Colleague: 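Shown below is the structure under consideration.
All figures in this text were calculated on a predicted structure; none of them were measured in a lab. Proteins come first, then strands; the chains are lettered A, B, ... in the order of their sequence lines, and each starts at number 1.
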Amino acid sequence: MAQKSMGAAPEALSPHEHPFPPLNRGWGWLTWFSTTDHKKIGIMYMVTSLFFFGVGGIEALLIRIQLAAPNAKVLSPQEYDAIFTMHGTTMIFLVVMPIFIGLANYILPLMVGARDVAFPRLNALGYWVFLLGGIVIYLALFTGSLANAGWFSYAPLSESAFTSRPGLDYWAAGLIETGVGTIAAAVNLIVTVVRYRATGMTWRRLPLFVWMMVITSLLILFALTPLNAGLIMLLGDRILHMHFFRANASGGSAILWQHIFWFFGHPEVYIMALPAFGIMSEVVPVFSRKPIFGYTFVAGSGIAIGLLSFGVWVHHMFAVGLGVPMNAAFSATSMLIAVPTGVKIFNWSTTMFQGKLRLDTPLLFAAAMIIQFVIGGITGVMFAVAPIDWQLTDTYFVVAHFHYVLFGGSMFGLWAGIYYWYPKVTGRMMSERLGKWHFWLAVIGFNMTFFVQHILGVMGMARRVYTYPNLPGYGTLNLISTIGAFILGTAVVLFLWNIVWSFRKGKVAGDNPWDAWTLEWATTSPPPEHNFERLPPVRSARPLFDLAHPELADAHAAQPEGNA
Amino acid sequence: MTTANTTAAKPRTNKHIIGMLFFIGSEIFFFLTLLSSYAYLSGAFGNLPRSSLAVPRTLIFSLFLWASSLTIWIAERNFHRRRFGAYRGWMVITILLGLTFLTGQGIEYTELFRKGIALNYDVFSSAFFTLTGFHGLHVVTGLIMLSSLTGMSFAGKLGPENESAVVSLSYYWHFVDAVWIAVFCVAYLIFI
Amino acid sequence: MHSLYSTANSVLSPASPYAQNIAHLFWVTFWISMVILVLVSAFVIFNLIRYRDRERSSELPPQTHGNTIVEITWTTIPFAILVVLFVLTVQSMEAVTPPKHPKTDPVNVDVVAHQWWWEFRYPGSKVVTANELHIPVGKPIDITLTSVDVIHDFWVPELGRKIDAVPAHPNQLVIEADKPGVYLGTCAEYCGAGHAWMRIRVYAQTPADYQTWLAGQAKPHPAPTSAAEAIGMGYFDGKCAECHNITGSGGSKGQDVGPDLTHFGTRDTLGAGVLANTPADLRTWLENPQAVKPGVHMPNLHLSTSQIDALVAYLEAK
């Protein structure tokens, strides 16, 4: 299909020119340190996150090597405890959150037709503070004591009486810093959408990725500061010998830490999921060649999830012994949050129905995401049933659950988004051949690693154990999981290689290689520094579709214009 | 700027003000966490709050802080009416009122220290100093920003183009005062 | 060692009315979930196959925007299913939570969690033991659970739910065994370096056997019958009693920092499950506990071979 060029867009760069547009100040190394351009900052977030993804991945493989056989002694328990703590901390705070923030930083302003985010300098500050936080967390290596109390650092284990080495202090301080950076990014994204949408882009014409990022940013604003408060109190206990979480005669409460942490922690998992949902709502329609089924319901379910996410946190504490009424109430809310999540799944699946599907890599990852996320969602509903949680929490069943939603769901969704938007960022397509290898190895490796962990949990294997006795089936299933992890690791290596290889050797993309419909495709790949030469009129959620098919103007075109 | 969206910013909904409002929203949750933790732990405070906190004196110093919300509102109105001299005067009064409040906090803290109730004395002191301390830090930050604005105005460098900064910092200051209402009620009235 | 871990300890092989209740609820939820998973997966795969457009034609498929009735349907049906599930959930919670007025007299046990071992006290009879819990079958065992240090979690999947042992926050847990046997459990809340080796063994016995066991545990440790045992007792009183108690040893009451060892000889494992309780394995432990269970609070005492021989003789006396 011929790609209509938009207005006075400049010609696409020739493949022999460097893919990044020359800026007034040039584009050498130093400009990256001083840039306030959302595109460069987005790339820095994403590259940093991919680096930490490698670190977290190595930590995961070390875990799986130690667990491959019963009674193994590859790692001591102290080493293992630090590694699983850092694996969780790294993947959550230094990979998944910042990579979505980076992607949003790059793409969101383009999707709303803006020139940059609302506060470019704050944006840059946010990135550097985030990076500093990540470095501080790992600086603990030099004290010989990486944080080792688990990524949620329960008290009193995290108190100085039980974890005397300073690694945990670095962990807490570093997380406060990454939190500040993340909050800065969130404020930026929200205000950009509120104030810098293109003329005609009403809230009901907003791309769904933008919707999800707005909700995600609101969750960040309201969830990260409680975490910071908790971390400050933990540092107060550890360094100033305060008494917040010391559960002894002086009246501190270990359970208070859990309430504070999970009040952050549950919205946090939606912070990690909603951006992936947004990507799904972009990718599935484009590769099905039809609009998202039920736009309003998909947007609305995102809002419902965001609101409900603050009302379920005690389901992480069902086994603490808070009493039946409390457990019942949060069991109810936790079940309730499954409803809007299910709505999204059904809408994506129905978008594909009667479409004309292009089985390119983005759609493959999206399709796998749906099935894998449903598996994770199902076990999530199981955990909402408090008595089932009373058996299966803190076992490998929950490890399987959250990897299915966070990896099988969010990471696969992220991969769909990367294959989708890489051409826009770099001007080149990623290799489809490598992409398909990546996809199949990832599907096989991921499911092999984590499916058997459901069984291990049911068979009584607790989580966060550095080894296990030679109980029937434990060794075999753990070995399968380890082999799967290495297959998955290979998939990740292929993915990283694809990123690097395609940068120089990928097919030149042009403005709109996927024939997509949102505004980011209405400019060159990559965009010029100011993003757009000229914007097309926005009369629906699919401006480029309307340009290409004026006879099929979208239903939303009937809406009044200019509701910025 | 070449974006199509070139709607002129209206002072009341301009990006700095919106940004400040969202930032205040996140800070509200920070204080909600400290306040609810204070309440959660209060069962173990025993008689210590009643025997060591000076409620009437703190109330008086609080009035100074709350009055500063009124004075900054007057300052802001003067700014909108381009009466920059009056603006400066009322800002100075606001800052002085804020400093007075901080002095009161300092006296409260000193008396507690003299009684041997240090930051880490027990769970009450941990919660009390953290809650009021972070409020105090927010007051200090606010005073620094207000002083910067006032200083810029005295140097002739604060004009109508900076209206959004003036308004958004006023919002911040009102927020700090409102938080103190909550903190005072929780620490000095309810869990006493 | 292998025989100690040859039985399963699965959530889905319940040996208790409480575990049975939860297992049943699990299966109900599981099958409902399977239906949803199969339907969604089949739909997705069907779409991928049926609507695949290999030619990448420029012709557009029908540009359906949505269907409100469909949306409402697939919102309300899951909601209705969840309402039913919630009712079942609350019923199960009530059934599995300790009743205030149990039908039969429960057996009371105080369980105190330590880094990294379990202390079991039977209030009626003053019996104190560690890591291996003996209970009579067919009666509810009313456990009062606390911790002296960090949060732990008591979990024996075949006998009931898990619940945290939280310092300064005692919890009640009820388990019950339908029939005699050994039921395996573990600590289920990360508690530091020894978390993996904080295992639980529950010995459910006929009421008669249980009474016999309890009576035996209430007696003091057998007096030394050999020179080696006597030397072992002497060494125990001089050194080990700083952390361990053996009722009936030569000296005054030992400390309770570590497990009570009065009837250590009757236990099947040591180190909370890290080794079998055989003379050879006990020797390995005494030579260097840190090598067996890294991080354990018992230091390496650098005992000589003869000291170890004597201690093994004394400790293993039944």
Colleague: Can you tell me which portion of A:Phe346 sits under 4.5 Å from chain C's heavy atoms? Options are side chain, backbone, both or neither.
Modeller: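 Contact with chain C is through both the backbone and side chain of A:Phe346.
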
Colleague: For C:His169 and A:Gly321, indicate whether the former's side chain and the latter's backbone hold a donor-acceptor pair under 3.5 Å.
Modeller: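 Yes; judged by distance alone, with no hydrogens or angles, the pair exists.
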
Colleague: Does the C:His195 side chain pair with the main chain of A:Arg463, one donor and one acceptor, at a distance under 3.5 Å?
Modeller: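 Confirmed, C:His195 side chain pairs with A:Arg463 backbone.
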
Colleague: Would you mind checking which part of A:Gln258 comes under 4.5 Å of any heavy atom in chain C, side chain (CB onward), backbone (N, CA, C, O), both or neither?
Modeller: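 Side chain of A:Gln258 only, per the 4.5 Å heavy-atom cut-off to chain C.
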
Colleague: Quick one: which of A:Thr379, A:Asp389, A:Ile388 has the most heavy-atom pairs under 4.5 Å with chain C, could you say?
Modeller: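 Option with the top pair count is A:Ile388.
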
Colleague: What about C:Tyr5 and A:Tyr474, are their ring centers closer than 6.0 Å?
Modeller: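 Ring centroids of C:Tyr5 and A:Tyr474 are no less than 6.0 Å from each other.
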
Colleague: Is there a donor-acceptor pair closer than 3.5 Å between any side-chain N or O of A:Lys356 and the backbone N or O of C:Asp53?
Modeller: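 No.
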
Colleague: Please confirm whether the ring centroid of C:Tyr190 lies under 6.0 Å from the ring centroid of A:Phe84.
Modeller: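 Yes, ring centres under 6.0 Å apart.
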
Colleague: Can you tell me if C:Asn47 and A:Gln354 form a side-chain donor-acceptor pair at under 3.5 Å?
Modeller: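 No pair is found: no donor N or O on one side chain lies under 3.5 Å from an acceptor on the other.
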
Colleague: Chain C: which of A:Gln78, A:Arg358, A:Met461 shares the most heavy-atom pairs with it under 4.5 Å?
Modeller: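 Going by pairs under 4.5 Å, I would pick A:Arg358.
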
Colleague: Against chain C, label A:Ala161 side chain, backbone, both or neither, depending on which of its atoms sit under 4.5 Å from a heavy atom there.
Modeller: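 A:Ala161 has no heavy atom closer than 4.5 Å to chain C.
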
Colleague: What part of C:Val70 is in contact with chain A, defined as an atom under 4.5 angstrom from a non-hydrogen atom: side chain, backbone, both or neither?
Modeller: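 Side chain only.
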
Colleague: Please rank A:Leu336, A:Asp394, A:Ile370, A:Thr395 by heavy-atom pairs under 4.5 Å with chain C and give me the top one.
Modeller: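 Heavy-atom pair counts peak at A:Asp394.
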
Colleague: Is a side-chain donor or acceptor of A:Gln391 paired with a backbone partner of C:Lys162 at a separation under 3.5 angstrom?
Modeller: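 Such a contact is absent between A:Gln391 side chain and C:Lys162 backbone.
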
Colleague: Can you tell which part of C:Glu55 gets under 4.5 Å to a heavy atom of chain A, answering side chain, backbone, both or neither?
Modeller: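 No part of it gets close to chain A.
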
Colleague: Measuring heavy-atom distances to chain C, does A:Thr350 have an atom under 4.5 Å in its side chain, in its backbone, in both, or in neither?
Modeller: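 Interface part for A:Thr350: both.
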
Colleague: Measure A:Ile371 against the heavy atoms of chain C and call it side chain, backbone, both or neither at under 4.5 Å.
Modeller: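 Its backbone and side chain both get close to chain C.
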
Colleague: Considering only heavy atoms and a distance below 4.5 Å, find which of A:Val465, A:Asn327, A:Val320 pairs most often with chain C.
Modeller: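 The residue among A:Val465, A:Asn327, A:Val320 with the greatest pair count is A:Val320.
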
Colleague: Out of C:Ile151, C:Val166, C:Asp149, which residue meets the side chain to side chain contact (heavy atoms under 4.5 Å, CB included) rule with A:Pro156?
Modeller: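 Checked C:Ile151, C:Val166, C:Asp149 against A:Pro156; only one passes side chain to side chain contact (heavy atoms under 4.5 Å, CB included): C:Ile151.
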
Colleague: Passes side chain to side chain contact (heavy atoms under 4.5 Å, CB included), A:Met382 versus C:Phe26? Steps please.
Modeller: CA-CA 7 Å; A:Met382 287 181 181; C:Phe26 175 88; 3.8 Å; yes

Colleague: Checking C:Thr186 against chain A: side chain, backbone, both or neither under 4.5 Å from a heavy atom?
Modeller: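 The side chain, not the backbone.
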
Colleague: Below 4.5 Å from any heavy atom of chain C, which atoms of A:Leu392 appear? Answer side chain, backbone, both or neither.
Modeller: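 Answer is both: backbone and side chain atoms of A:Leu392 are under 4.5 Å from chain C.
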
Colleague: With a 4.5 angstrom heavy-atom cut-off, which part of A:Thr467 approaches chain C: side chain, backbone, both or neither?
Modeller: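 The answer is both parts of A:Thr467.
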
Colleague: In terms of heavy-atom pairs under 4.5 Å with chain A, which of C:Tyr18, C:Phe46, C:Trp155 leads?
Modeller: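 Top option by heavy-atom pairs under 4.5 Å: C:Trp155.
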
Colleague: Any carboxylate oxygen within less than 4.0 angstrom of a Lys/Arg side-chain nitrogen, looking at C:Arg56 and A:Asp515?
Modeller: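 Salt bridge absent between C:Arg56 and A:Asp515.
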
Colleague: Measure distances from C:Leu173 to the heavy atoms of chain A and classify the residue's part below 4.5 Å as side chain, backbone, both or neither.
Modeller: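 Interface part for C:Leu173: neither.
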
Colleague: Checking heavy atoms, do the side chain of A:Thr393, its backbone, both or neither come under 4.5 Å from chain C?
Modeller: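 Both backbone and side chain.
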
Colleague: Tell me which of these, A:Ile345, A:Leu359, A:Val374, has more heavy-atom pairs under 4.5 Å with chain C than the rest.
Modeller: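 Option with the greatest count: A:Leu359.
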
Colleague: Out of A:Ala247, A:Gly150, A:Ala462, return the one with the most heavy atom pairs under 4.5 angstrom to chain C.
Modeller: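 Max contact count across the listed options: A:Ala247.
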
Colleague: Look up atom CZ in A:Phe297 and atom CD in C:Glu71, then write down how far apart they are to the nearest 0.5 Å.
Modeller: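 Between A:Phe297 CZ and C:Glu71 CD, I get 5.0 Å after rounding to 0.5 Å.
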
Colleague: What part of A:Tyr466 gets closer than 4.5 Å to chain C, counting heavy atoms only: side chain, backbone, both or neither?
Modeller: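 Backbone plus side chain of A:Tyr466, per the 4.5 Å heavy-atom cut-off to chain C.
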
